Amino acid sequence: METDITDDFTLWKQGAEARLFTGNYLGKSSVMKERFTKSYRNSTLDAYLTKERIKAEAKTLVRCRSAGIPTPTLYLVDFERKRIVMENLENSLTVKDYIIQLSETDDSNNNLNELEFISQEIGRLLGKMHSANIIHGDLTTSNMLVTQDNGSVRLHLIDFGLSYVQQSSEDKAVDLYVLERALLSTHSNVAQMFGAILNAYQLVFKDKAKEILKKLSDVRARGRKRDMIG
């Protein structure tokens, strides 16, 4: 009988789309992401969407690594069981929790420096990602991890289930808009972060950033119009 690797994994957390398990795979500390069936969807459509999202996440993880963008290392893709296994970035925090942690300390000068640094890192990585024509599809501060090793802070991008490859400036602008909305809704006291993110983003993209930022203005205008109409 084939051994199920879940025997070596423990449920860590459950989201709307998948369950996350932690454990060991081939002697390496790992995270297993297992997508589950959505009973309210047509079974054929559900199977198709699940497979496409697993495929998208796996391909993008590999593509990002090739482009020099820090992401968890991919270890296994199992379409039959709707799973991927990847590196466990231990002792990490989401950028969302990292910002909350900073806001709870009393050193305001250090907080500003840390926020400026992490904002620049976000902008730099997003610039590299978009330069490789990778669209994340769900850019929030919950889908970015901060790892700290001997005082060195490093940013990783995660959760590429809605990702795809596209050269369009519009799609890149929508990616940025989703992040801006996430910052404003969950980190309203540090909205200035987005300006620093865009500055670093432009340094990577240079002249090509002008068109994307113009598209971002258009996307914002459409978003405001939708908000007004309801």
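Starting from 1, each residue takes its place in the sequence as its number. It should be emphasised that the depicted structure is a prediction, and the values quoted were computed from it without experimental measurement.
- No more than 12 heavy atoms of other residues, nucleotides or ligands shown are found within 6.0 angstrom of CG on N91.
- Annotation: salt bridge (Lys or Arg N to Asp or Glu O under 4.0 Å) contacts involving residues 45-54, sequence neighbours excluded, comprise E17-R53, R41-D46, E52-K55.
- One hydrophobic cluster, built from ILVMFWY side chains closer than 4.5 Å, holds both I134 and L216.
- Across every non-hydrogen atom of V219 and A173, the tightest pair is CG2-CB, 4.2 Å.
- Within the 4.5 Å cutoff, the side chain of L11 has no heavy atoms near those of the T22 side chain.
- Atom NZ of K38 has more than 12 heavy atoms from other residues, nucleotides or ligands within 6.0 Å.
- Without hydrogens or angle criteria, T50 side chain to A47 main chain gives no donor-acceptor distance under 3.5 Å.
- Listed by chain and residue number, I69, A132 satisfy the side chain to side chain contact (heavy atoms under 4.5 Å, CB included) test with A67 (two or more places apart in sequence, or in another chain).
- Residues Y164 and T60 have side chains not in contact (no heavy-atom distance under 4.5 Å, counting atoms from C-beta outward).
- Sorted by first then second residue, the ring pair (Phe, Tyr, Trp, His ring centres under 6.0 Å) pairs that include residues 193-220, not counting sequence neighbours, are H130-Y201, Y201-F205.
- A continuous path of Ile, Leu, Val, Met, Phe, Trp and Tyr side chains, each step under 4.5 Å between heavy atoms, connects V153 with M193, placing both in one hydrophobic cluster.
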Fill in: Evaluation steps, side chain to side chain contact (heavy atoms under 4.5 Å, CB included), between M32 and Y25
CA-CA 9 Å; M32 180 172 68; Y25 178 72; over 6 Å; no
Worksheet item: Going through the distances and angles, do L125 and M144 end up as a side chain to side chain contact (heavy atoms under 4.5 Å, CB included)?
Response: CA-CA 11 Å; L125 286 189; M144 304 171 185; over 6 Å; no
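- To the nearest 0.5 Å, the span separating CG on L139 from CG on L157 amounts to 7.5 Å.
- Sorted by first and then second residue, the side-chain hydrogen bond (donor to acceptor under 3.5 Å, both in side chains) pairs involving residues 61-71 (not counting sequence neighbours) are R65-T73.
- Residues T140 and L179 are not in side-chain contact: their nearest non-hydrogen atoms beyond the backbone lie 4.5 Å or more apart.
- The shortest side-chain heavy-atom distance between T10 and F21 does not fall under the 4.5 Å cut-off.
- Between M86 and S30 there is no side-chain heavy-atom pair separated by less than 4.5 Å.
- Nearest heavy-atom pair, F160 versus L61, reported as atom, atom and distance to 0.1 Å: CD1-CD2, 4.0 Å.
- Side-chain polar atoms of N143 and D138 form a donor-acceptor pair below 3.5 angstrom.
- Proximity of I135 to V165: side-chain heavy atoms (C-beta onward) are nowhere separated by under 4.5 Å.
- Between E57 and S163, the shortest heavy-atom distance links the atoms N-OG, 4.5 Å.
- Taking every heavy atom of both residues into account, S92 and T147 meet most closely at CB-CG2, 3.7 Å.
- At a cut-off of 3.5 Å, with distance as the only test, a side-chain donor of K82 or T37 sits close to an acceptor on the other residue.
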Worksheet item: Passes side chain to side chain contact (heavy atoms under 4.5 Å, CB included), R154 versus V146? Steps please.
Response: CA-CA 6 Å; R154 196 176 189 210; V146 175; over 6 Å; no
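- For the pair L89 and P72, the tightest heavy-atom approach, listed with the atom from each and the gap, is CD1-CG, 3.9 Å.
- Both Y177 and I122 belong to a common hydrophobic cluster when Ile, Leu, Val, Met, Phe, Trp and Tyr are linked at side-chain heavy-atom distances under 4.5 angstrom.
- With sequence neighbours excluded, the residues forming a side chain to side chain donor-acceptor pair (under 3.5 Å) with T94 are D97, listed by chain and number.
- The distance from the OG atom of S169 to the NZ atom of K215 is 7.0 Å, given to the nearest 0.5 Å.
- Within the hydrophobic cluster formed by Ile, Leu, Val, Met, Phe, Trp and Tyr side chains joined at under 4.5 Å, directly or through other members, L45 is accompanied by Y48, L49.
- In terms of hydrophobic clustering, with Ile, Leu, Val, Met, Phe, Trp and Tyr side chains grouped at heavy-atom distances under 4.5 Å, L162 and V174 are assigned to different clusters.
- A salt bridge (Lys or Arg N to Asp or Glu O under 4.0 Å) check over residues 155-165, counting only residues at least two apart or in different chains, returns the pairs K33-D159.
- Pairs passing the salt bridge (Lys or Arg N to Asp or Glu O under 4.0 Å) check and including a residue from residues 169-178, sequence neighbours excluded, read E170-R222.
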Worksheet item: Where do L26 and Y75 land on the side chain to side chain contact (heavy atoms under 4.5 Å, CB included) test, with the steps shown first?
Response: CA-CA 9 Å; L26 300 179; Y75 295 148; over 6 Å; no
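- Under the side chain to side chain contact (heavy atoms under 4.5 Å, CB included) criterion, D78 pairs with E80, R81, R83, sequence neighbours left out.
- Note that the CG atom of N88 and the CG atom of L20 stand 10.0 Å from one another [nearest 0.5 Å].
- Among residues two or more places apart in sequence or in another chain, the side chain to side chain contact (heavy atoms under 4.5 Å, CB included) test is passed with V204 by R124, K128, S131.
- Rounded to the nearest 0.5 Å, atoms CG (L126) and CD (E121) are 10.5 Å apart.
- Evaluation of the side chain to side chain donor-acceptor pair (under 3.5 Å) rule for E116 yields Q120 as partners, not counting sequence neighbours.
- Using a 4.5 Å cut-off on side-chain heavy atoms (C-beta onward), I99 and L115 make contact.
- Under the 4.5 Å side-chain heavy-atom criterion for ILVMFWY residues, no single connected hydrophobic cluster contains both L145 and L74.
- Residues L198 and L176 have side chains in contact (heavy-atom distance under 4.5 Å, counting atoms from C-beta outward).
- When the side chain to side chain contact (heavy atoms under 4.5 Å, CB included) test is applied to Q14, the partners found at least two apart in sequence or on another chain are R19, F36.
- Going from atom CG of D207 over to atom NZ of K210 covers 5.0 Å, rounded to the nearest 0.5 Å.
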